[in-house]
Amino acid sequence: QEVALQAAREGIVLLKNEKNILPLRKDIKRIAVIGPNADNEINQLGDYTAKIILQDIVTVLEGIKAKVSSKTIVEYIKGCDVIGAEYNDVLSARKIAAASDAVIIVLGESAWGTPERAITNGEGYDVASLDLTGIQEELLKAVYKTGTPTILVLINGRPLSIPWAAENIPAIVEAWLPGEQGGYAVADIIFGDYNPNGKLPVTIPPHHVILLGTVNAQILLVCSAPR
């Protein structure tokens, strides 16, 4: 567990920390934890994971609850799914965010343990766009518009294109697939117990690449203008 925790810490990249919004105070009065990956064990593990998991998995929500003061009120709401718009609780998420002193919103990808049509991460699940799927960005925008300081945490196996978030969200944490101790690792960084030193090994394109099809074995691509 100690090795898993240290590996998760070292892999996390602090993409943005505008006006030093991080670290948060542990005695913060009220904090909202929002998003489909905030309390999702399987999505922290990603592809090529055993079907029977014996280890205890610490989610981001659990890590935050373990880190803050006993007097801190932590409210959680999922808000939406990673894929699709059938589950939409954006309005409730907005209300909770507006009543809080800070918001940690955890978005990204879903892994093998979810229903077949909801998987985004893993072998055989290629995509034409690197943008956030479903209504995750709608959820993010709704939370941001409340004016409550917002920290975006990404849990994902592939790089994601997040141009709107990069321009508007003051703090962004790329956690990748942080594993069984990922919740503790993310909380360590958010509350200042670990100084994030991970670096991006790739450049993430801020635009779409859409596969239209093939003509005589030639691939047709349409690239929108960078945003």
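Here, residue 1 is the first one in the sequence, and each next residue gets the next number. Remember, it's a predicted structure, so these values are computed and weren't measured experimentally.
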Holding to side-chain contact (heavy atoms from CB on, under 4.5 Å), I want the full list of residues that pass it with Lys65, two or more places apart in sequence or in another chain.
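Here the qualifying residues are Leu61, Val74.
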Go through the structure and list residues passing side-chain contact (heavy atoms from CB on, under 4.5 Å) with Ile105, not counting sequence neighbours.
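Ile34, Val103, Leu107, Leu139, Leu140, Val143, Thr150, Leu152.
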Could you list the donor-acceptor pairs under 3.5 angstrom formed by side chains in residues 75-82, with sequence neighbours left out?
unit_1	atom_1	unit_2	atom_2	d
Glu75	OE1	Arg30	NH1	2.9
Lys78	NZ	Asp81	OD1	2.7

CA sep, side-chain torsions, deciding dist, call: Ile155, Val60, side-chain contact (heavy atoms from CB on, under 4.5 Å):
CA-CA 10 Å; Ile155 292 180; Val60 174; 4.0 Å; yes
Just jot down the side-chain hydrogen bond (donor to acceptor under 3.5 Å, both in side chains) partners of [X], sequence neighbours excluded, or say none.
X	result
Ser92	Asp89
Lys26	Asp193
Gln44	none
Asp101	none

Remaining members of the apolar cluster that contains Leu54, side-chain heavy atoms under 4.5 Å
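Taking Ile, Leu, Val, Met, Phe, Trp and Tyr as members, Leu54 shares its hydrophobic cluster with Ile52.
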Hey, what else clusters with Ile73 if you join Ile, Leu, Val, Met, Phe, Trp, Tyr whenever side-chain heavy atoms sit under 4.5 Å?
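Besides Ile73, the hydrophobic cluster comprises nothing; the residue is isolated.
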Give, for atom CD1 of Ile172 and atom CG of Leu22, the distance between the pair rounded to the nearest 0.5 Å.
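The CD1 atom of Ile172 sits 10.5 Å away from the CG atom of Leu22.
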Can you pull the salt bridge (Lys or Arg N to Asp or Glu O under 4.0 Å) pairs that have at least one residue in residues 53-62, sequence neighbours excluded?
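Checked against salt bridge (Lys or Arg N to Asp or Glu O under 4.0 Å) - neighbours excluded - no pair reaches residues 53-62.
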Taking only residues at least two apart or on different chains, which pairs with a member in residues 161-203 satisfy ring-ring contact (aromatic ring centres under 6.0 Å, His included)?
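Listed by first then second residue: Tyr144-Trp164.
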Side chains of residues 6-16: which donor-acceptor partners sit under 3.5 Å, not counting sequence neighbours?
unit_1	atom_1	unit_2	atom_2	d
Gln6	OE1	Arg9	NH1	3.1
Gln6	NE2	Glu10	OE2	3.0
Arg9	NE	Asp188	OD2	2.9
Arg9	NH2	Asp188	OD2	2.8
Lys16	NZ	Ala166	O	2.7
Lys16	NZ	Ile169	O	3.0

